Amino acid sequence: MNDILPTDFYHQPTLELAKSLLGTYLVHESKEGTVIGRIVETEAYLGIEDAAAHSYLGRRTKRTEVMFGSAGTVYTYVMHTHCLFNIVANERDIPEAVLVRAVEPIEGHELMRSRRGEKGKGRQVSNGPGKLTKALGITMDFYGWDITKPPLYITKGETPEAIEEGVRIGIDNTGEARYYPYRFWIKDNPYVSR
DNA sequence: GAACGGATGCTCT
DNA sequence: GAGCATCCGTTCA
């Protein structure tokens, strides 16, 4: 796997990056084995001007600190009983990131399913933000990780045939921001969350 | 140190 | 499709 996407790849407008990430391969090498998931659904969070983003109005805390850092940094966040996986985009001091909402298993199906347990059969194994992190073995340990190096990195994948866009999910109480069309997914892919 | 609430998932109807 | 279970980081006292 020498097709690791370089840091430069992440230095682009967040909305562009969200679309560019569709179809790429998210790889995690662990002692249990290697798992690869093709990113099929993403959402963009535009920091300053986006009421749904943790970094809204430049809000800077321990939690959002990495969003202000360099592009290509991993931003993990614990939500309810789950862990969500984001990738910081754009330039330093511009707190924007892309949330990975769903992946399609490419390699390591057995390992993913065993991590998910009985609930993770079929497409249920990774068709959601909290599900994919568990399937891929991503935890808060990767907070601040540089996504361009092993054991957790992204490689060039298959360019999607068609991309669709729509409103984001799970942010019903954020005013106008809930209507922004910042969600992107690969058309007709069965692993898209909903 | 206590209270709060959320970028969800699962079960049941 | 709707309702509820479930925790930990952040925030405030």
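These numbers were taken from a predicted model, which means no experiment stands behind them. Order of the sequence lines sets the chain letters (A, B, ...), proteins ahead of strands, with each chain counted from 1.
Following rounding to the nearest Å, A/Lys119 (NZ) and B/dT8 (C1') show an atom-to-atom distance of 16 Å. Between the CZ atom of A/Arg123 and the C1' atom of B/dG9 there is a distance of 17 Å, given to the nearest Å. We find that CG of A/Asp172 is positioned 11 Å from C1' of B/dA7, with the value rounded to whole Å. One atom, OH of A/Tyr143, and another, C1' of B/dA7, lie 15 Å apart when rounded to the nearest Å. Taking atom CZ on A/Arg116 and atom C1' on B/dT8, their separation rounds to 11 Å, with Å as the unit. Taking atom CZ of A/Arg101 as the reference point, atom P of B/dA7 lies 11 Å away to the nearest angstrom. In this structure, NZ of A/Lys134 is placed 11 Å from P of C/dC7, rounded to the nearest angstrom. Distance CZ (A/Arg168) to P (B/dG6): 15 Å, rounded to an integer number of Å.
Within the nucleic acid shown, A/Arg178 has no heavy atom closer than 4.0 Å to any nucleic acid atom. Residue A/Arg59 is classed as a sugar-phosphate contact, given heavy-atom separations below 4.0 Å to backbone atoms only. Nucleic acid contact for A/Leu99: base, since at least one base atom lies under 4.0 Å from a heavy atom of the residue. At the heavy-atom level, A/Asn86 lies under 4.0 Å from base atoms of the strands shown.
The shortest distance between the side-chain N/O atoms of A/Lys62 and the OP1/OP2 oxygens of C/dT11 is not below 4.0 Å.
Judged by closest nucleotide on DNA chain B, A/Ile171 is the one of A/Ile171 and A/Gln124 placed further toward the 5' end. Residue order along DNA chain C, read from the 5' end via each residue's closest nucleotide, puts A/Thr81 first among A/Tyr77 and A/Thr81.
The only member of A/Tyr153, A/Phe85, A/Phe142 that meets ring-ring contact (aromatic ring centres under 6.0 Å, His included) when paired with A/His28 is A/Phe142.
By the 5.5 Å and 30° criteria, A/His80 is stacked with the base of B/dG6.
Judged purely by atom type and a 3.5 angstrom limit, A/Thr64 has no side-chain atom pairing as donor or acceptor with the backbone of A/His54.
Checked for salt-bridge contact, A/Arg60 and A/Glu65 meet the test: a charged N lies under 4.0 Å from a carboxylate O.
Relative to the side chain of A/Leu84, the nucleotides B/dA7, B/dC10, C/dT11 differ in distance, and B/dA7 lies closest. Across B/dA7, C/dT10, C/dC8, the shortest atom-to-atom separation from the side chain of A/Thr61 is found for C/dT10.
Partner assigned to C/dC8 is B/dG5, using Watson-Crick or G-U wobble distances below 3.5 angstrom.
Counted by atom type alone, A/Gln124 and A/Lys131 present one or more donor-acceptor pairs between their side chains at under 3.5 Å.
A/Met112 and A/Ile154 fall within a single hydrophobic cluster, where Ile, Leu, Val, Met, Phe, Trp and Tyr are joined by side-chain heavy atoms under 4.5 Å apart, directly or via other members.
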